[in-house]
Visitor: 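One structure is given below, represented as structure tokens, and several questions about it will come after.
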Amino acid sequence: MRIEKFLDELSTRALSELTGEASPALLKPTADPRHGDFQVNAAMALAKKLGKKPREIAEPLAERLAQSDAIERAEVAGPGFVNLTLSSAFVARVLDEAAADSTHDGVDRADTTDRIVVDFSSPNIAKQMHVGHLRSTIIGDALRNLLREVGHEVIGVNHIGDWGTQYGLLLSGMREFGDATALEDSAIEELERIYKQASARAKEDEAFAERARAELAKLQSGDAENLALWEKFVSTTRAELDRVYDRMGIRFESWRGESAYNDALPGVVATLQEKGLARPDDGAVGVFWPELDGVPARLKAQKEPFLVQKRDGAFLYATTDIAAALYRSAEVGAQRVYYVVDARQAGHFEQLIAIARLLGVQMAMEHVSFGTVLDEAGKPLKTRDGKAVTLASLLDEAESRALARIREGVSEGRLDIPEDAQAGVARAVGIGAVKYADLRQNRSSDYQFDWDKMLSFQGNAGPYLQYAYARIASIFDKGGLSLEDQRGPVSLVAVEEVRLGKVLARFSDVVHQAGQAALPHLLTDHLYELARAFSAFYEACPVLKAEGAERASRLALAALTARQLSRGLGLLGIAVVRRM
RNA sequence: GCGCCCGUAGCUCAGUUGGAUAGAGCAGCGGCCUUCUAAGCCGCGGGUCGGUGGUUCGAUUCCACCCGGGCGCGCCA
């Protein structure tokens, strides 16, 4: 169950019965355990409205809430806080229920469910994925998983950049100085080489530039030969992208990219013009915000148009995104779409969403933005000049550092992992560390990329949580027991048990909140707190050496901790290992 | 010029629609391996929450202005 939701509803109901006011209880977890587990802050807010002192509202509310068997103590403190301490018996019941729930470990279904598109990762064909793709890929995967976990029907879409003006250069370049063997062997490397050479050539050789434009025009008009070569570019690149996604354990429900909307683009522009939403200007066609009604104030004041067609007749990023939004709403039948894209594109999405509204799209659209990846000096990581940090090289480094750590443990006799299993553990730990380092930050902030910090494997980092899991797995291995067997009942006695139990009981609330707010770091924070609470419990409360009911309870606590760590990390795209 | 984001401990970051004495990790210092994995546990030190006003019972949080950093603004995506 969701205890925060339950207590909020309980408090709001009690408040309305006592005061006749239908106002929210303003329940939240306390920042300081000395103030109990949750606090109700409504009394201060209501005092003025009701012409009473805050304590006159808080006192009877506390009395009423104290009658619930979920609540051990309800105390009025300070100006009128009502501090609630959960009863250990209630928490234990919640945990028994979660332990018995083998399919969800206590995570509730959402009250209503939607069909949701999560648009993430979206690399370009013919280019390596680099750290700039890291955040969209990792955050998008986590968001998709979180929404699905509570029961939504979620479609993760890789809206790949597989169409556009660069294909003229690539087609001409391939024909004139491409290497077909290299294209088979390492497609992206060869395509990047060709593109670089072709774009340099086009700048100084007008005849070549002209040939490239002609090849592009042929491609766009459906020329079979060029289409076949383009498909070759896409399929060979796709094979390389798949290798990276496989390593990261990421899948998409759909690979519908920009090219899929190509045929719809003229219609989009025509419709916009028919509806009076766009008009030609200087040969191009755009949406001119000051001329439209029903647009947000900020856009109303924006002089720059949202261009949907260039002077030369070609379509733009905006046109494709409008076509995709229409498709997802009308054809896919999505009620919501999330665009997991760099914050620098906020202006684009603000306009995209506004124009979709004007076109009558009902689907909720949200730009899940995230900060820029910066280098160690705090400067945006450049990909064009100098050497780009590719995603593949980042993953290589992560895995090799993890492997070194594992071998060290094995050679010192601390770890017992067979040679042939070490690479698998290194992958889970190394890539888990990379993902965790990204996800644990509030996505809105810029992201400072730091190898050593990301792969230090200490403190608040992915391996810490995986390590907690491995310790639990080890307990069950030693005891010849299974994590899936239901133990218990849970009984919370030692302070470490009570603390661990209360963290475990909040899991469902956190999964819902992280998904609803599209903030995966709410879950990383919680799982870190869970691992910390477990580690303290582990030091203080022997499990296998305990006897009878105490042993059964501790086994249940340990098992539920492991299951929630595994499920929670799984939602973040991070694997657990039984030994590390 | 217009607009958006950011500024919290030496460093990297949390801080949930405004709530009590602002929290973590790293780095530093001191303890803990004959007891289920020391990638761990326990403890200590460290802050004008960029600045000034304002709103409020209450401001790191909301508003205004200023300082500092970053980003976006017609034919790239």
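So that the names make sense, note that chain A is the first sequence line, chain B the second, and so on, each numbered from 1.
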Visitor: Please classify the nucleic acid contact of A/R401 as base, sugar-phosphate, or nothing, using heavy-atom distances under 4.0 Å.
Guide: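 Answer is nothing: A/R401 stays at 4.0 Å or more from every strand.
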Visitor: Determine, answering yes or no, if A/F81 is stacked on B/A20 under the 5.5 Å centre rule and the 30° plane rule.
Guide: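 Stacked: centres under 5.5 Å apart, planes under 30°.
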Visitor: Can you check the distance between B/C6 and B/A39, where both ends of the measurement are the P atom (answer in whole Å)?
Guide: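 Result for the P pair: 39 Å, nearest Å.
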Visitor: Give the rounded distance in Å between these two atoms: OH of A/Y436 and P of B/C26.
Guide: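 Nearest whole value for this atom pair: 12 Å.
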Visitor: Please state the P separation for the pair B/C49 and B/A22 - nearest whole angstrom.
Guide: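 It works out to 11 Å between them.
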Visitor: Hey, does A/A346 reach any base, or is it just sugar-phosphate, or nothing, if we go heavy atoms under 4.0 Å?
Guide: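 Nothing: the residue A/A346, judged by heavy atoms under 4.0 Å, touches no strand.
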Visitor: Out of the candidates A/F120, A/F349, A/F370, only one should pair with A/Y339 under the ring pair (Phe, Tyr, Trp, His ring centres under 6.0 Å) rule; please name it.
Guide: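 Passing option: A/F349.
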Visitor: Determine: side-chain N/O of A/N442 to OP1/OP2 of B/G15, distance under 4.0 Å, yes or no.
Guide: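 For B/G15, OP1 or OP2 has a side-chain N or O of A/N442 closer than 4.0 Å.
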Visitor: Report the nucleotide, chosen from B/G19, B/A77, B/A24, that has the shortest atom-to-atom distance to any side-chain atom of A/Q39.
Guide: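 Minimum distance to the A/Q39 side chain belongs to B/G19.
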Visitor: Using the P atom as the point on both nucleotides, what is the distance between B/A64 and B/C4, in whole Å?
Guide: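 One P to the other, the span is 10 Å.
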Visitor: Would you say A/D321 and A/Y261 are linked by a side-chain donor-acceptor pair, where the criterion is simply a distance under 3.5 Å?
Guide: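 Short answer, no.
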Visitor: For the pair A/E397 and A/R401, find out whether any cationic side-chain nitrogen is under 4.0 Å from an anionic carboxylate oxygen.
Guide: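 Between A/R401 and A/E397 there is a salt bridge, with a charged N closer than 4.0 Å to a carboxylate O.
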Visitor: Taking atom P of B/C76 as reference, at what distance in whole Å does atom CD of A/Q345 sit?
Guide: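 Atom CD in A/Q345 sits about 15 Å away from atom P in B/C76.
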Visitor: Strictly by Watson-Crick or wobble contacts shorter than 3.5 Å, is anything paired with B/U56, and which nucleotide is it?
Guide: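 Its partner is none (no Watson-Crick or G-U wobble pair with both distances under 3.5 Å).
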Visitor: Of the candidate nucleotides B/C42, B/G74, B/A38, which contains the atom at the shortest distance from the side chain of A/Y467?
Guide: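 The listed nucleotide nearest to A/Y467's side chain is B/A38.
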Visitor: Sticking with atom C1', work out how far B/U55 lies from B/C62, rounded to a whole angstrom.
Guide: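 That atom pair is separated by 8 Å.
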Visitor: Which of these nucleotides, B/C57, B/C76, B/C73, is closest to any side-chain atom of A/L316?
Guide: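 For A/L316, the side-chain atoms sit closest to B/C76.
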Visitor: Show the numbers, then the answer: is there a side-chain hydrogen bond (donor to acceptor under 3.5 Å, both in side chains) between A/N460 and A/Y436?
Guide: CA-CA 9 Å; A/N460 188 352; A/Y436 187 88; 2.6 Å; yes
Visitor: Using the P atom in both, what is the distance from B/C5 to B/A77, to the nearest Å?
Guide: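 Taking atom P in both B/C5 and B/A77, they lie 26 Å apart.
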Visitor: So, is B/C33 syn or anti if syn means the angle is within 90° of 0?
Guide: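 Classified syn.
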Visitor: Closest nucleotide of RNA chain B for A/K310 versus for A/S474: which of these residues is on the 5' side?
Guide: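 Nearest-nucleotide comparison on RNA chain B picks A/S474.
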Visitor: Side chain of A/R298 only, heavy atoms from C-beta on: which candidate in B/A39, B/G3, B/A20 is closest?
Guide: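 Of the candidates, B/G3 comes closest.
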Visitor: Identify which nucleotide among B/G74, B/A20, B/U37 has an atom closest to any side-chain atom of A/Y538, counting heavy atoms from C-beta outward.
Guide: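 Of all the options, the side chain of A/Y538 is nearest to B/U37.
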Visitor: Heavy atoms under 4.0 Å, any strand shown: does A/K303 hit a base, just sugar-phosphate, or nothing?
Guide: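 A/K303: no heavy atom of the nucleic acid under 4.0 Å.
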Visitor: Whole angstrom is fine here: how far is it from CG in A/L216 over to P in B/C75?
Guide: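 Rounding to the nearest Å, CG of A/L216 and P of B/C75 are 18 Å apart.
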Visitor: Describe the nucleic acid contact of A/P29 in one word from base, sugar-phosphate, nothing, applying a heavy-atom distance below 4.0 Å.
Guide: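 Base: the residue A/P29, judged by heavy atoms under 4.0 Å, touches a nucleobase.
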Visitor: What's the closest nucleotide to the side chain of A/R344 if the choices are B/C71, B/G40, B/A39?
Guide: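 Between B/C71, B/G40, B/A39, the one nearest the side chain of A/R344 would be B/C71.
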Visitor: Compare the minimum distances between each of B/G74, B/C36, B/C75 and the side chain of A/P305, then state the nucleotide with the smallest one.
Guide: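 Among the listed nucleotides, the one closest to the side chain of A/P305 is B/G74.
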Visitor: Counting only distance, no hydrogens or angles, is the base of B/C75 paired donor-acceptor with the side chain of A/D282 under 3.5 Å?
Guide: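 Donor-acceptor pair under 3.5 Å: yes.
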Visitor: Which value, in whole Å, describes the distance between the P atoms of nucleotides B/U17 and B/U12?
Guide: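 Straight-line distance between the two P atoms is 26 Å.
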Visitor: Just checking A/A77: base, sugar-phosphate only, or nothing, at a heavy-atom cut-off of under 4.0 Å?
Guide: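 Contact class for A/A77: base.
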Visitor: With a 3.5 Å limit on both atom pairs, tell me what B/C44 is paired to, counting Watson-Crick and G-U wobble, or say none.
Guide: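 Its partner is B/G28.
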Visitor: To the side chain of A/D446, which of B/G70, B/A20, B/C41 is closest?
Guide: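 Closest nucleotide to the A/D446 side chain: B/G70.
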Visitor: For A/W289 and B/C73, what is the distance between atoms CH2 and P respectively, to the nearest whole Å?
Guide: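 To the nearest whole Å, that distance equals 16 Å.
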Visitor: Distance check, P atoms only: B/A14 and B/G25, in whole angstrom units.
Guide: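 Between the two P atoms, the distance is 16 Å.
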Visitor: Check every strand shown and say whether A/I406 touches a base, only sugar-phosphate, or nothing at a heavy-atom separation below 4.0 Å.
Guide: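 Result for A/I406 = base.
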Visitor: If you assign A/G347 and A/A314 each to the RNA chain B nucleotide with the nearest heavy atom, which residue ends up on the more 5' nucleotide?
Guide: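 Comparing both residues, the 5'-ward one is A/G347.
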Visitor: For B/G19, take OP1 and OP2 only and decide whether either is under 4.0 Å from a side-chain N or O of A/K28.
Guide: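 Answer is yes, contact under 4.0 Å.
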Visitor: When we call it a touch if two heavy atoms are under 4.0 Å apart, what does A/D525 touch: a base, just sugar-phosphate, or nothing?
Guide: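 It contacts sugar-phosphate atoms only.
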Visitor: The side chain of A/N83 lies closest to which of these nucleotides: B/A27, B/A20, B/U37?
Guide: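 It is B/A20.
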Visitor: Can you find an N or O donor on one side and an acceptor on the other, under 3.5 Å apart, linking the side chain of A/D342 with the base of B/A77?
Guide: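 A donor-acceptor contact between them is absent.
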Visitor: Using whole Å, report how far CG of A/D32 lies from P of B/G15.
Guide: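 Between P of B/G15 and CG of A/D32: 19 Å.
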Visitor: Do the charged groups of A/E59 and A/R55 touch, with an N to O distance under 4.0 Å?
Guide: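 Here A/E59 pairs with A/R55 in a salt bridge, since their nearest N and O are under 4.0 Å apart.
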Visitor: For B/C65, give its Watson-Crick or G-U wobble partner with both distances under 3.5 Å, or none.
Guide: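 Its partner is B/G51.
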Visitor: Examine B/A39: is either OP1 or OP2 under 4.0 Å from a nitrogen or oxygen in the side chain of A/R414? Give yes or no.
Guide: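 True: A/R414 side-chain N/O within range (under 4.0 Å) of B/A39 OP1/OP2.
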Visitor: Check whether any side-chain N or O of A/S445 sits under 4.0 Å from OP1 or OP2 of B/A14, and answer yes or no.
Guide: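 Yes, because at least one side-chain N or O of A/S445 sits under 4.0 Å from OP1 or OP2 of B/A14.
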Visitor: Can you see if the side chain of A/R532 gets near the phosphate of B/C41 - specifically, an N or O under 4.0 Å from OP1 or OP2?
Guide: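 No, no such contact exists.
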Visitor: When you compare B/C26 with B/C65, how far apart are their C1' atoms, in angstrom units rounded to a whole number?
Guide: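 That atom pair is separated by 37 Å.
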Visitor: A/H521 NE2 to B/C13 C1': how many Å, rounded?
Guide: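 Taking NE2 of A/H521 and C1' of B/C13, I get 10 Å after rounding.
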Visitor: So which nucleotide does B/G3 pair with, by the Watson-Crick or G-U wobble rule with both distances under 3.5 Å?
Guide: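 Paired with B/G3, as far as the under-3.5 Å criterion goes, is B/C71.
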Visitor: With a non-hydrogen cut-off below 4.0 angstrom, is A/I472 in contact with a base, only sugar-phosphate, or nothing?
Guide: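 It contacts nothing in the nucleic acid.
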Visitor: Report the distance from atom OH of A/Y261 to atom C1' of B/A77, rounded to the nearest whole Å.
Guide: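 Going from A/Y261 (OH) to B/A77 (C1'), I get 16 Å.
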Visitor: Expressed in angstrom and rounded to an integer, what is the separation of A/H367 atom NE2 from B/C71 atom C1'?
Guide: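 In whole Å, B/C71 C1' lies 13 Å from A/H367 NE2.
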Visitor: Do A/Y464 and A/R532 have side-chain atoms, one donor and one acceptor, less than 3.5 Å apart?
Guide: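 No, no side-chain donor-acceptor contact under 3.5 Å.
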Visitor: Please classify the nucleic acid contact of A/A343 as base, sugar-phosphate, or nothing, using heavy-atom distances under 4.0 Å.
Guide: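 Here A/A343 touches no strand at all.
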Visitor: Using the side-chain heavy atoms of A/I475, tell me which of these nucleotides is nearest: B/C36, B/G19, B/C75.
Guide: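 That would be B/C36.
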Visitor: Are A/F534 and A/F537, when compared by the centres of their aromatic rings, separated by less than 6.0 Å?
Guide: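 Close enough - the centres of the two rings lie under 6.0 Å apart.
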Visitor: For B/U37 and A/K478 - does any side-chain N or O of the residue sit under 4.0 Å from the phosphate oxygens OP1/OP2?
Guide: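 Yes, because at least one side-chain N or O of A/K478 sits under 4.0 Å from OP1 or OP2 of B/U37.
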Visitor: Would you mind reporting whether A/I355 and A/L272 have side-chain heavy atoms less than 4.5 Å apart?
Guide: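 When only atoms from C-beta onward are counted, A/I355 and A/L272 do touch, with a gap below 4.5 Å.
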Visitor: Can you confirm whether A/F306 sits close enough to A/I322 that some side-chain heavy atom of one is under 4.5 Å from a side-chain heavy atom of the other?
Guide: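 They are in side-chain contact.
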Visitor: Describe, in one word, how the ring planes of A/H348 and A/Y317 are oriented to each other, choosing from parallel (under 30°), tilted (30 to 60°) and perpendicular (over 60°).
Guide: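 Rings of A/H348 and A/Y317: parallel, under 30°.
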